[in-house]
Each structure stands twice: as structure tokens, then as C-alpha cells.
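Everything below concerns the one structure shown next.
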Amino acid sequence: MRITAFLLIMISLILTFMSCNQSPSGNNELYSSPDGTQTRWISFENKTGAKGKAGMENKGAKGHPYDRVYAGQSVVLLELEGSGVINRMWATLTERDPEMLRGLRIDMYWDGSDKPAVSVPWGDFFGVGLGKAVRNETEFFSNPEGRSFNSIIPMPFKKSAKIVLTNELDRDLTRIFYDINYTITPKADDNALYFHAYWSRNLKTTPGKDFEILPKVEGKGRFIGSNIGLNANPDYEDSWWGEGEVKMYLDGDKEYPTLVGTGTEDYIGSGWEQGVYNNRYQGCLIADSENKQWSFYRYHIPDPVYFYDDIKVTIQQMGGAMKDKVQRYIANGANLIPVTAQVENDSINILVHMLEKGISIDDPELINGWTNYYREDDVSATAYFYLDKPESNLPELGNVKLRTEKLK
């Protein structure tokens with residue numbers, strides 16, 4: 001007994017010592033200085049990040065804090081040779097309306113690739129769907145007062161890095177202030193994966209066909225999450241639009257996925273529909289029932305999603321309402337496919353799989369209970385992931401007309 005007690009005391013002391021000597025992030029990075037690693041910032045005050053060359057204009061008196069981006073112009077925000085890691089990006093813009101935030105495009109290229117690993121509308125890249133600047137703070141992004149854009153996603157590169165901002169609108173961005181913080185490393189990490197981001201939009205989804213948050217990507221990597229924007233179709237009145245399940249097809253999955261959720265609000269950690277909330281890994285930043293707009297996100301940091309051959313991530317566009325309302329939507333011409341309904345058996349409501357059974361919504365055995373149905377809505381999403389190569393097989397970013405159409 002004495003030996004056991006002694007061992008328990010020693011283990012406790014060791015764990016206490018380890019915790020006292022760790023940084024808040026659980027390691028000693030905060031108080032270490034890795035040999036050869038250099039810190040640099042790039043902005044209009046030091047466009048190359050060169051040592052001893054910052055703030056030189058106007059004799060150092062704030063000579064070039066911002067610049068203009070003319071209609072149709074591309075501006076190189078960062079261009080580097082060598083190995084390193086981009087650790088933080090910050091910017092603020094004079095025009096922050098949805099059209100501008102969707103009309104600006106940010107492209108990122110790694111290791112000399114001709115195809116960008118990141119090609120996303122500016123506003124959607126920074127964690128909020130629908131191209132809106134909304135006050136928030138998450139694990140990856142923040143907008144403390146609704147006027148800025150911050151990213152702290154680490155983005156390693158082995159040979160080179162380039163970030164380009166393009167204004168695809170027919171009006172100027174009057175001012176952009178920005179800085180990109182990075183470290184130069186003496187040797188590239190051969191095991192580091194490349195950061196990627198992909199954006200897409202479907203103005204009218206097809207009932208029964210899942211929206212692809214991330215089309216099939218080939219390679220080895222890690223899916224780190226997405227933000228999703230929805231403009232709900234008024235054909236379904238004020239019914240709940242979020243019964244659809246998120247599915248992840250991993251490493252050769254065909255008809256059915258390996259990972260599946262139980263509904264949109266469930267996927268982002270809530271339940272029974274969703275209002276506005278903002279957590280580190282999950283949340284809903286816009287829940288505007290009057291304008292029928294929602295924007296929500298989920299980041300897989302504590303629950304990693306790895307893939308080794310390929311991955312595809314989808315979400316069903318499915319709603320729910322009482323049966324009589326669904327019948328009314330159909331009578332009014334709404335495009336939908338009933339999926340499940342309810343019958344009563346010994347005073348217990350039983351779920352009926354209408355697609356499997358071939359049952360019509362007008363079947364007299366169905367009670368006026370909750371009915372799920374495939375529907376069509378305007379859905380967009382930004383997917384974030386790491387991949388073992390600097391470019392992917394994904395399609396190019398949609399044109400500015402698609403991005404800015406029917407904004408609210």
C-alpha cells in the first residue's frame with residue numbers, strides 16, 4: 001500500500017511539474033527561439049518583408065498604410081521565395097458590402113504552382129458565408145467589431161508563396177489596409193501539408209441531389225471544415241430548411257459515405273433549429289428569418305477528419321414541416337420530394353420511409369405529422385482543407401456574376 005501511495009504521489013508531482021512548465025497551448029513554443037527562424041511582416045509599408053526596409057516612405061511617418069484596388073485590377077499582397085509559414089493575415093476595407101466582398105477574389109499559390117490552392121471570394125474566405133462582414137471570433141477567423149478580417153490558419157510553404165487580391169467588379173475598392181505575418185524557416189518541413197480553400201454556389205439545388213461542400217479531391221490530407229451560406233426558397237414559406245445530413249466520403253467510398261451527421265443544426269453542435277451563436281469550432285453567425293438567410297460553420301480541430309486517397313463532403317438540402325403544409329407547398333407549385341412521414345400505431349407515431357416504401361404523401365394512413373422533404377435553395381460554401389500537394393483537381397472559382405447574383 002505504501003509503495004502504491006508513493007507512486008501515486010510521484011506521478012502527481014511529475015504531472016504538476018509538466019503542466020507548470022508548459023505554455024497555454026500545451027508546449028514550450030511560447031518561450032523557445034528556434035535557430036534560424038526569422039519573423040517578417042508584409043504590408044504596403046514593406047511590400048517585400050525585407051529586413052530593415054519597413055516604413056521607409058515619408059521618412060517613416062506613415063507613408064503608405066493603404067492602397068486602392070481599381071476595378072479589374074490585381075494586386076500582389078505577398079510574394080516570397082524560400083520556405084516558411086504564414087501565421088496571420090489581417091485587413092480592413094473601406095467598402096464592406098456583400099457585392100464587394102463577393103467581387104473581390106483572393107488567390108494563394110504555393111511552391112511555384114500555376115493553379116491556386118486557394119481561390120475564394122474575399123468575405124467568404126474569412127469565415128462568414130453570404131459575403132458578409134459580421135462580428136465574430138472562431139478558432140481560425142475573427143472580425144472583432146465587424147470592420148476587419150483576420151485569419152490565423154497556418155499556411156506552410158517549401159519553395160515559394162504568392163497571394164493575389166483581384167477586384168472583379170466594375171467599381172474601385174477605395175482603400176485596403178493589410179498585413180501578413182509569417183516566419184522564414186531555414187529548412188522546409190517535408191511532411192507539411194499545403195493549405196487549400198474552395199468555394200462554390202448553387203443558386204437552385206436539385207431536390208434529392210446533395211450539395212457538394214467539397215467535390216472529390218484526390219490525395220492525402222485533412223479536412224478542417226467549412227462555412228455554409230443559405231438563401232432559403234420562399235416557396236416553402238417559413239418551414240425549417242435544415243434537416244439535411246452532412247456526409248463525408250473517404251478513401252474510395254462510393255454510393256454511401258463513412259461519416260454522416262443527423263441534420264444541419266446537429267452538425268454544428270446545436271439542436272431543434274438554430275439561432276445566432278459563435279463558438280470556437282462551431283456556430284451560426286447569421287440567422288435572419290425575415291430575409292431567409294443563414295450562415296453557419298464547423299471546424300474539425302478537436303475531431304480531425306483525415307483522408308489518405310480521396311475525400312468528398314456533401315450536405316443534403318432537406319426541409320421539414322407538418323404534412324398539411326407540405327401538401328400546400330406542392331399544391332402551390334413548390335418543387336419538392338417527400339422523404340419521411342408518420343403513421344400512428346397504438347398511439348405511437350412511427351416514421352415511414354416514403355422513398356423505400358413508395359408511399360404518396362396523400363396516403364390516408366399518414367397522419368398530419370412531421371414530414372421531411374427534399375427541397376431547392378440557394379446554397380454556397382467555403383471548404384478548408386490540407387493536401388499533400390500545392391494544387392488540386394478542383395474546378396476554378398465561379399465567375400463574379402454567379403458570386404454576386406441575388407445578394408441581400
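As a basis for the values below, the full set of heavy atoms in this structure was taken, side chains included, without hydrogen atoms, waters or symmetry mates. The chain is numbered in sequence order, starting from 1. Quick caveat: nothing in here was measured; it's all calculated off a predicted structure.
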(request) Show your working on side chain to side chain donor-acceptor pair (under 3.5 Å) between W370 and N372 and close with a plain yes or no. (result) CA-CA 7 Å; W370 188 255; N372 292 325; 2.9 Å; yes

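- In this structure, W241 has its ring center at least 6.0 angstrom away from the ring center of Y374.
- For N58, the CG atom counts as densely surrounded, since its 6.0 Å shell holds more than 12 non-hydrogen atoms of other residues, nucleotides or ligands.
- In this view, Y329 satisfies the ring-ring contact (aromatic ring centres under 6.0 Å, His included) rule with no residue, not counting sequence neighbours.
- Once rounded to the nearest 0.5 Å, the distance linking CG of L130 with CG of N231 reads 5.5 Å.
- Applying the 6.0 Å contact sphere to NZ of K408 captures more than 12 heavy atoms from other residues, nucleotides or ligands.
- Heavy-atom contacts from other residues, nucleotides or ligands closer than 6.0 Å to NZ of K325 number 12 or fewer.
- Applying side chain to side chain contact (heavy atoms under 4.5 Å, CB included) to V217 and the options V313, D310, N393 leaves one that passes, N393.
- By the 4.0 Å N-to-carboxylate-O rule, D378 lies too far from K406 to be salt-bridged with it.
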(request) Could you give me the CA-CA distance, side-chain angles and deciding distance for M89 and M155, then say whether side-chain contact (heavy atoms from CB on, under 4.5 Å) is met? (result) CA-CA 10 Å; M89 297 173 56; M155 306 176 190; 4.0 Å; yes

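- Applying the salt bridge (charged side-chain N to carboxylate O under 4.0 Å, His left out) rule to pairs touching residues 218-239 yields E237-R328, D238-K292, sequence neighbours excluded.
- Nearest heavy-atom pair, P144 versus R135, reported as atom, atom and distance to 0.1 Å: O-NE, 3.0 Å.
- Under 4.0 Å is where a charged nitrogen must lie from a carboxylate oxygen, and between R280 and E137 no such pair does.
- Each of V69, T166, N167 was checked for a side chain to side chain contact (heavy atoms under 4.5 Å, CB included) with S74, and the lone residue meeting it is T166.
- Between atom NE2 of residue H300 and atom OH of residue Y384 there is a gap of 12.5 Å, rounded to the nearest 0.5 Å.
- The aromatic rings of F141 and F126 sit perpendicular to each other, their planes meeting at more than 60°, with 30° as the lower class boundary.
- Ion pairing between a basic and an acidic side chain is recognised when a charged N comes within 4.0 Å of a carboxylate O; R298 and D303 show such pairing.
- For the residue pair T39 / T183, no side-chain donor-acceptor distance below 3.5 Å is found, with atom types taken as modelled.
- We find that K115 and D107 are not joined by a salt bridge, their nearest charged nitrogen and carboxylate oxygen being 4.0 Å or further apart.
- Heavy atoms from other residues, nucleotides or ligands lying under 6.0 Å from OH of Y66 number 12 at most.
- With respect to the salt-bridge test (charged N to carboxylate O, under 4.0 angstrom), the residues R403 and E168 qualify.
- Shown here for Y299 and S226, the closest heavy-atom pair between the two residues is CE2-O, 4.1 Å.
- Heavy atoms of other residues, nucleotides or ligands lying less than 6.0 angstrom from OH of Y70 number 12 at most.
- Looking at N136, N227, N278 one by one, the single match for side chain to side chain donor-acceptor pair (under 3.5 Å) with Y297 turns out to be N278.
- Between the side chains of E391 and S113, at least one donor N or O sits under 3.5 Å from an acceptor N or O.
- Among residues two or more places apart in sequence or in another chain, the side-chain hydrogen bond (donor to acceptor under 3.5 Å, both in side chains) test is passed with D251 by none.
- Ion pairing between K312 and D253 fails under the 4.0 Å rule for side-chain N and carboxylate O.
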